[in-house]
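Comments concern the structure below.
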Amino acid sequence: MSDTPKFYITTPIYYVNARPHIGHAYTTVVADAIARRKRALGFETWLLTGTDEHGQKIERSARQAGQTPQEFATAVSSQFRALWDRMGLSYDDYIRTTEERHRKGVQKLFRVLQERGFIYKGSYTGQYCVSDELYVDAPPGSPCPDCGRITETVSEENYFFKLSAFERKLLELYEENPQFIRPEARRNEVISFVRGGLKDLSISRTSFDWGIPVPGDEKHVIYVWMDALANYITALGYGSDAPQDQQRIARFWPADLHLVGKEIIRFHCVYWPAFLMAADLPVPKSVVAHGWLLFEQSKMSKSRGNIVRAETIVETLGADALRYFLMREVVFGQDGSFSFDALVQRYNADLANGYGNLTSRILAMITRYFDGVVPEGDAEPRIVAAAENAAREFAQHFEALDFSRALEALWAFVAVVDGYITEKAPWKLGAAQDAAARGSLASILYTCAEALRIITALAYPVLPEATARIWAQLGLGDIAHADLKELHWGQLAPGTKLGQLGPIFPRAEKDTVERMNELETKNSGKSVEAEPATAADAVVSAPVPPESAPARTQVAERQATAIAASEAAESVAAKAPAALTPAASVGTTSQPAQPADKPAMITIDDFAKVELRVAQVLVAEPVKGADRLLRLEVNLGDEVRQIVAGIAGAYEPEKLIGRKVVIVANLQPRKLRGLESNGMIVAASLGEKGKPVLAGFLEDVEIGARLK
């Protein structure tokens, strides 16, 4: 047996009655983040997800769609898998309950329970909720206690599982292992249910045939929940005699963590451990239920047409934006709220203006002052202490599945490093040539670069795509090979050559929310915000038990960050006025008629609306496929911005580095050649061809100063 620790984590297998939405993505993103961190800590990790494809509801849905149940299930399951691949989720296996390996395993489990005396034949007359595939102990016409839909009366011959025989054993399990059910509210809910008394459970149906046949009595199909729950062992190889399957199940079972939605906690914490006890198999170590995700206090549902697709967010802001929001904004285990407005605000505040801007500032200055090589210098003790504290707090909260507080602790360190840069103002030292100034500058930038490395390593499980790019820009190669269990200060070697730099989180424009709503409306034919908010209708998560693929998926290609309003003119600067009008000439109150070839006069109030600021160029590089455009990163003292300017014909990029320029700082961002331009460089336009000449200063002007 390997000495390497193992970790087996599962998501629910998702029911294929509707397309995937962000409720499904929430559970799967959390599972992926946990799995990524475990791998980085040296655990041999197995992440399982998939789809649940049997049952009466699927049979009816397929009939309505004019398809066979298999065709219907395959079509929807492929949507789930395609989305997980598009989001770069690192699952190791994807199980479908229509697979042969699953059928064999479920039938073996049924036979074992039967041979051990826990299954008998009888008949059932009572209420059944088709939507939840749930037997309901209530009179005819009663609503389902879970979903509220009216139950149907069924009367049929069934096989029964002796669930009542496990009442005491289950209560002992909960008492001896308090971590088996989390959080505490769900644990209390399950204990109360079991103490109320357990009845034997019908585990077969004869009124329809879309399911796994009972071995030896094929007019019966196995109850969908017994079928579904078994995926956690059939995916590992239960029911197979192949040596590799036997080795896998011996290695990974019992599961370390089942992640589920709170509405299916009973199935996972009552029925599932009872089945396993009856089969003499170990029970999972822990079942953790998260809360519901609310869309502006309204339920996402097929009938309302207000389901929010994860694809809408991935296409607009990228998968990492959705991952970060779900894990930072929602307290895991509690109900959480989702809105496009909140998503964009969190993205801009924490990712674009926070982590992304910090990365750009640090790496641009190393490029400017040390030719893109990490300098050797003494670390700032208070930053080292803050880094160690952030790493410790992040680990503690993450292991407790308190992801929101873990990220809060890490982003507090982002703010510390950002404040350190502002305090030390390394750009002031960069202008000096003496050895003392160079030494101080080297120490500041080494401290910042090492802090950035630690932030990036810790953030990797939550932001795998962005951190991989930053890791490469730090010159450290593939972040998937990073070793978190040995993470400590000082591992960034001086002399490390930075990789190619580029923006990480471009700022989201003001119309981003509108465009996401348009994408949803286009997809569904109905605005996702059209329904009135109903607090009682707030369920999003659909964790009901699982397509298949043994190989682990690698990170899918990055989605384009479509955050600009339109593809406009290739150059902003080239279309600017010929020159700035001196302030003294615009202060008059009268406005005589102007010749037709002259621009109209403006008032002083009009001019006051324009925010002109001094900025220093940190990065300048050509824009691929655009002869006139340069991509610039400029430092305004309190932030670094990306600007695309049409000055390539007049200035060589490398000669712009360090130059102070004037920018229009409050110009609405636009997209040029796929790049966001967040401001405009001020330049004169000379000659017939309008050659741009940058505005500048004879005196030494402070970076960030406003022009009045």
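Predicted model, so just to flag it, every value in this text is computed and none were measured.
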Side chain to side chain contact (heavy atoms under 4.5 Å, CB included) test vs Leu48 passes for just one of Thr11, Asn231, Asp92, namely Asn231

For Leu276 and Pro284, the nearest pair of non-hydrogen atoms, with its separation, is CD1-CD, 3.5 Å

When the aromatic ring centroids of His290 and Tyr26 are compared, is their separation below 6.0 Å? yes

Worksheet entry | Sidechain-backbone polar pair: Ser78 side chain, Ala75 backbone, donor-acceptor under 3.5 Å | yes

Please tell me whether Gln70 and Trp210 have a donor and an acceptor in their side chains that are separated by less than 3.5 angstrom. no

For residues 213-222, run the donor-acceptor check on the side chains, cut-off 3.5 Å, and write out each pair with its distance to 0.1 Å, sequence neighbours left out.
unit_1 : atom_1 : unit_2 : atom_2 : d
Asp217 : OD2    : Lys121 : NZ     : 3.0
Asp217 : OD2    : Tyr159 : OH     : 2.7
Lys219 : NZ     : Glu157 : OE1    : 3.2
His220 : ND1    : Ser204 : OG     : 2.9
His220 : NE2    : Glu157 : OE1    : 2.9

Given the options Tyr223, Phe193, Trp225, Phe267 meets ring pair (Phe, Tyr, Trp, His ring centres under 6.0 Å) only with Trp225

For residues Phe161 and Phe166, establish whether the separation of their ring centroids is below 6.0 Å.
yes

- Is Glu152 paired with Arg60 through a side-chain N to carboxylate O contact shorter than 4.0 Å? yes

The reported gap from OH in Tyr238 to CG in Leu281 (rounded to nearest 0.5 angstrom) is 5.5 Å

- Query: Does NZ or CZ of Arg37 come closer than 6.0 Å to the centre of the six-membered ring of Phe7, within 45° of the ring's axis?
  - Reply: no

Side chain to side chain contact (heavy atoms under 4.5 Å, CB included) test vs His268 passes for just one of Val190, Val287, Val288, Leu259, namely Val287

Between Pro254 and Lys6, the two heavy atoms sitting closest are O-NZ, 2.6 Å

When you measure from the side chain of Glu156 to the backbone of Thr206, do you find a donor-acceptor pair of N or O atoms at a distance under 3.5 Å? yes

Indicate the ring-plane relationship of Phe80 and Trp84, choosing parallel, tilted or perpendicular according to the 30° and 60° boundaries. perpendicular

Salt bridge check: are Arg111 and Glu115 linked by an N-O gap of less than 4.0 Å?
no

Quick test of your reading of the model: are Lys169 and Glu172 salt-bridged, counting only N-O distances below 4.0 Å? no

Nearest heavy-atom contact between Ile58 and Glu53 is CG2-O, 3.6 Å

- Message: Would you say Ser90 and Arg39 are linked by a side-chain donor-acceptor pair, where the criterion is simply a distance under 3.5 Å?
- Response: yes

Would a line drawn from the ring center of Phe325 to the ring center of Phe338 be shorter than 6.0 Å? yes

Here the pair of heavy atoms bringing Ile249 nearest to Ile233 is CD1-O, 3.9 Å

Ser286 and Arg182: side-chain donor and acceptor closer than 3.5 Å? yes

If we ignore hydrogens and angles and just use 3.5 Å, is the side chain of Arg187 paired with the main-chain N or O of Ile181 as donor and acceptor? no

